[in-house]
Amino acid sequence: MANGEAAQREWRVTGMDCGACASKVRGAVQRLPGVADVDVALMAERLRLTLDESRTSAAKVEKAVRGVGFGIAPKGAAPEKPKGGFILPEGAFPAADASPVEEAQDSPPAALEAPAPSWFATAKGRLVIGTGALLALAWASRLVVPADLSHWVFALATLIGLLPVARRAFAMTRAGMPFTIEMLMTIAATGALVIGEAEEAALVVFLFAVGELLEGVSAGKARDSIRALSKLVPKTARLETDTAPREVAADRLQVGQVVQVRPGDRVPCDGKVLSGISGVDESPVTGESVPISKEPGAQVFAGSINAEAVLRVRVTKAAADNTISRIVRLVEEAESARAPTERFIDRFSRVYMPAVVGAALLVALVPPLAFGLAWGDWIYRALALLLIGCPCALVISVPASITSALSTGARNGLLIKGGAVIEAAARTTHVAFDKTGTLTHGRPRVTDVTPLTGTEAELLALAAGVESGTSHPLGQAICAWAEQQGITAAVATDGRALPGKGAEARIEGTTVCVGSPRLAGERGALPPDLQTRVETLEAEGKTVVLVLRGDSAQGLIALRDEPRADAPAAVAQLRGLGITPLMLTGDNTRTARAIATGLGIDQRAELMPEDKVTAIRDLTGDAQVMMIGDGINDAPALAAAHLGVAMGSGADVALETADAAILRNRVVDVAGTIRLARAAMSNIRQNIAIALGLKAVFLVTTLLGITGLWIAILADTGATVLVTMNALRLLFYRPSGQAAQAAQAKGVSAP
């Protein structure tokens, strides 16, 4: 690499169980020269940074991470054993009979593909078993040896269990991180031995090991929910060849190939149905419980289940870019968008830890020196204070809840890109909807054909001839209706679009135009009686186009884009949450008013894209605004809102451009997203209260001499377990469930 040239590098890191672990990895590498933009993802077990190898080599980065006790290897390789005898991180060694993990580029990490080992097979599990056995042996020794000798057995048990913890503590101190739970544990256990509390020291070491193990198990449970997503795609696919179908690896399918999907099989790729008609269960991907009928031309997602008949599917996306891979990747990347609350707690903990150590020193020194009290008693209380002050439960309180919420959202067809988005969604006060494709299906259909001269068939033939080959939804709807009626489109030449007004072409030597009432008015082809008829249809929520031959109106065609069936319920749910809904559309005022009246929503019509941006900015001055659109056409408005949400299926929604995405095309999922965000923030507040409340209680009891060392570590471990278990409740939360809706409607706080 050329001198001074920096490039992004990525590794897989194992053994991280909580936010504190991620902070240790980050602290170990960000001090190295030539290292910048450090990003550590706990759930994805990923370390990503920008590295100038002319100043620091990749090997030194790996050495720094191993030095603080974690396994590390470049992306796609199995992590190696950490050097120096530190606690072996969970998953650092592959099983003896395991084969190397092969990863396709940009595919989900091996961490999400490999099954997690049982707790007793991990290094932390072995440490719990070992320290527990030593503690039991020490207690049993009291039966056969004098009390003064059993004291040394407890001391030996303490030292053996404490050794790997102390080595990690000193390694992190050398890396510039002296205030860690490992260092507090080392000081407390060593101090207890010095003042003759060997039995309590051994118990503290054992309880600490149990707490570390429980953190690892909890983190594994959270990773399992993401790992389950990547397992939805089958390992093999039936690829059509010139001779006969054959089994191939699903991750080796290429765009354009054709696969067969038998009844009961999972679809191995994102693709388009070539032949066959069958119901497909998309609930594993989008959470939609009702199977959807798929016929030729329909899109299918990798991981969905074919229920009825054989389908032939053409691959449209490579394995690394299919819906499941994109969902997993987005959930992992969401960890980088840390919530403001999480960033605040991280900053707070950096000040908090030194403050706790300082307070413990004062407790140990001031009472004996100033008041002549017993040194042993106050040193003991100071050591207990060190353990009480450990911020593990506080540090994990936010990321544990955020990770659970992200996983729950992904399983229910709601993609939320990080904690910052969850906090913003929870504060939402106004939701602005695009109309076409969001509140409505985005597929207009012909409702009225009114000829002024000739027959309906002749009018449709002229209109279909002009609109042949068009990409405009109204033109496509007219052509589809004519085909459905068995009407052949007139032969047209010299076709061209009239931006914002319609289209025209030459038919039988005459210019024929299909355009808006405004265009007809400009050409003097909209007499008062016809204007009245147009206004009547528009008042019914229909879009009207006129067919003109020359400057003479031949008739009119009305189309309507029907609202989605769940749109009224979605608006009602938002109002029940105390949120104001609003529709922004470029359609004419009468049509917009008709749709909005039916939905019970306010509206602003005839808006150009820049007008939508202006409307959003007007709202954002006094409100927290979420904008719902298709993720592509509404990109400016999505960007202008506090929170942009893309509405659409996983195959065609612009997942990468919005802050969140709704995969099921259900408007009620907008309310579900907000409910989930509020539930997550409520869970975070509960976790912070648990962490700080327990510490406050035991701080007082420790200073009063009521509780001691083993109660202190039990309180810290208990707080961490309670916080983690409370966060895991979000994995069972149902954002769109009736119970959740009823609870929110009554003002009951979510879990």
[X] versus [Y]: any side-chain heavy-atom pair under 4.5 Å?
{"X": "Phe433", "Y": "Met647", "answer": "no"}
{"X": "Val25", "Y": "Val38", "answer": "no"}
{"X": "Thr673", "Y": "Thr428", "answer": "no"}
{"X": "Val670", "Y": "Val645", "answer": "no"}
{"X": "Phe70", "Y": "Arg168", "answer": "yes"}
{"X": "Trp11", "Y": "Val65", "answer": "no"}
{"X": "Thr408", "Y": "Leu676", "answer": "yes"}
{"X": "Arg729", "Y": "Ser404", "answer": "no"}

(request) Could you check Val13 against Val40 for side-chain contact (heavy atoms from CB on, under 4.5 Å), going step by step and ending with a plain yes or no? (result) CA-CA 9 Å; Val13 178; Val40 182; over 6 Å; no

Quick one: side chain to side chain contact (heavy atoms under 4.5 Å, CB included) partners of [X], sequence neighbours excluded?
{"X": "Asp566", "answer": "Arg564, Arg666, Val667, Val668"}
{"X": "Ala355", "answer": "none"}
{"X": "Ala318", "answer": "none"}
{"X": "Thr580", "answer": "His430"}

What is the minimum heavy-atom distance between [X] and [Y], and which atoms define it?
{"X": "Pro581", "Y": "Leu574", "answer": "CB-CD1, 4.3 Å"}
{"X": "Ala28", "Y": "Ala64", "answer": "O-CB, 3.7 Å"}
{"X": "Pro735", "Y": "Arg675", "answer": "O-NE, 2.7 Å"}
{"X": "Ala426", "Y": "Met681", "answer": "CB-CG, 3.5 Å"}
{"X": "Val233", "Y": "Ala302", "answer": "CG2-CB, 4.0 Å"}
{"X": "Ala623", "Y": "Thr429", "answer": "CB-OG1, 3.2 Å"}

(request) Decide side-chain contact (heavy atoms from CB on, under 4.5 Å) for Ile674 and Met626; before the verdict, give the C-alpha distance in whole Å, the side-chain angles of both, and the deciding distance to 0.1 Å. (result) CA-CA 10 Å; Ile674 295 173; Met626 175 187 289; 3.8 Å; yes

(message) Under the rule for side-chain hydrogen bond (donor to acceptor under 3.5 Å, both in side chains), what residues qualify as partners of Thr438, not counting sequence neighbours?
(response)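 For Thr438 there are no side-chain hydrogen bond (donor to acceptor under 3.5 Å, both in side chains) partners, ignoring immediate neighbours.
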
Between [atom1] of [X] and [atom2] of [Y], what distance do you get to the nearest 0.5 Å?
{"X": "Ile662", "Y": "Ile416", "atom1": "CD1", "atom2": "CD1", "value": "9.5 Å"}
{"X": "Gln8", "Y": "Leu49", "atom1": "CD", "atom2": "CG", "value": "8.0 Å"}
{"X": "Ile305", "Y": "Arg266", "atom1": "CD1", "atom2": "CZ", "value": "4.0 Å"}
{"X": "Leu731", "Y": "Arg411", "atom1": "CG", "atom2": "CZ", "value": "5.5 Å"}
{"X": "Ser407", "Y": "Tyr733", "atom1": "OG", "atom2": "OH", "value": "16.0 Å"}
{"X": "Asp251", "Y": "Asn322", "atom1": "CG", "atom2": "CG", "value": "10.0 Å"}

Does [X] use its side chain to pair, donor to acceptor, with the backbone of [Y] at less than 3.5 Å?
{"X": "Thr620", "Y": "Ala641", "result": "no"}
{"X": "Asn683", "Y": "Asn726", "result": "yes"}
{"X": "Ser682", "Y": "Arg678", "result": "no"}
{"X": "Arg48", "Y": "Glu10", "result": "no"}

(message) Arg9: which residues meet the salt bridge (Lys or Arg N to Asp or Glu O under 4.0 Å) condition with it, sequence neighbours left out?
(response)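 Listed in chain order: Glu53.
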
(request) Start with the C-alpha gap between Phe206 and Val128, add the side-chain angles, then the distance that decides, and say whether side-chain contact (heavy atoms from CB on, under 4.5 Å) holds. (result) CA-CA 6 Å; Phe206 170 70; Val128 168; 4.1 Å; yes

(message) Check Asp39 with Arg46, please: is the shortest side-chain N to carboxylate O separation under 4.0 Å?
(response)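 Yes, charged N to carboxylate O under 4.0 Å.
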
(message) Assess the residue pair His642 and Arg427 against the criterion (side-chain contact (heavy atoms from CB on, under 4.5 Å)); give the C-alpha distance rounded to whole Å, side-chain angles, the decisive distance to 0.1 Å, and a yes or no.
(response) CA-CA 10 Å; His642 291 112; Arg427 296 194 303 268; over 6 Å; no

